[in-house]
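Remember, it's 1-based here, ligands and their atoms both numbered in the order they're listed.
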Amino acid sequence: MYILSVIIIIGVIIALASVLPMCFMHPLASGKVEDTDITAIKNRSNNLFFIPAGENWIVVDAGSDIKAVQSEIERLSIDAGKVLGVFLTHTDYDHVASVPLFSNATIYMSEHEKQMIDGSTYRQFIKKNKLPRGCDTDRISYQSDNQTVDLGGHRVRSIWVPGHTKGSAMYAVDEKYLFTGDAFKADKREITVHPYTMDRRQALKSIRKIQEECGKYEKAFTAHYGCL
Ligand SMILES: [Zn+2]
């Protein structure tokens, strides 16, 4: 009986520790982001972003609930078939779920993130990351640090910011907008380590790099804390 109580208490603590950080996340509401031509889609605790590319779209991250993403983009008259590229900041479940909707898109991610989905590196204890069913791995284009892609009239540069996961990346679009994924937590204008981070020390190093870089951009779009 005593052992069972201890197991239950530990279970409750683990459950609370994994859910509680979400209470402090504040993604943007779905729709156009103020003073930009970017459309945010709110999906549970995070955002994915649609960047217009002529008649087409470029997407950063892919949310956690494919059905909810699908209904939001239909409501906003966005055609998933016109997405040219999906730039994944990393491969945690809450950033990849709707990738199968974008069947014509190339999937971009850091070359260092490959280990997170090919089974060679565990995300946490026994947990491994994986792309959702329906993701053709032939469509993945692995990016090195600082590699640029010209797509739909935009230039997208990958910036490797390891810590949250091994291959976490940010994307600088036209050197104007920065999409930061989970590279940091933004709290009252303070930048700290995001919850669920694999390597805090590495994340802090990356945050120093981000702080040096950040001033160059008009806006930074985070996955869970809105637009800075
Ligand atoms: Zn996340």
So that I can check it, does any N, O or S atom in H164 come closer than 2.8 Å to the Zn ion (ligand 1)?
no
Near the Zn ion (ligand 1), is there an N/O/S atom from H194 that is less than 2.8 Å away?
no
Taking the six-membered ring for Trp, are H194 and H224 parallel (under 30°), tilted (30 to 60°) or perpendicular (over 60°)?
parallel
Can you tell me how far OH of Y196 sits from CG of D94, rounded to the nearest 0.5 angstrom?
8.5 Å
Please confirm whether the backbone N or O of P162 pairs with a side-chain atom of S206, one donor and one acceptor, at under 3.5 Å?
yes
Between the Zn ion (ligand 1) and D94, which N, O or S atom of the residue is the nearest one?
OD2
Has D182 got an N/O/S atom less than 2.8 Å from the Zn ion (ligand 1)?
yes
Hydrogens and angles aside, do D92 and H164 bring a side-chain donor and acceptor to less than 3.5 Å of each other?
yes
Closest H224 atom to the Zn ion (ligand 1) [N, O or S only]:
NE2
Should Y225 and T180 count as side-chain neighbours, where that means a heavy-atom distance under 4.5 Å?
no
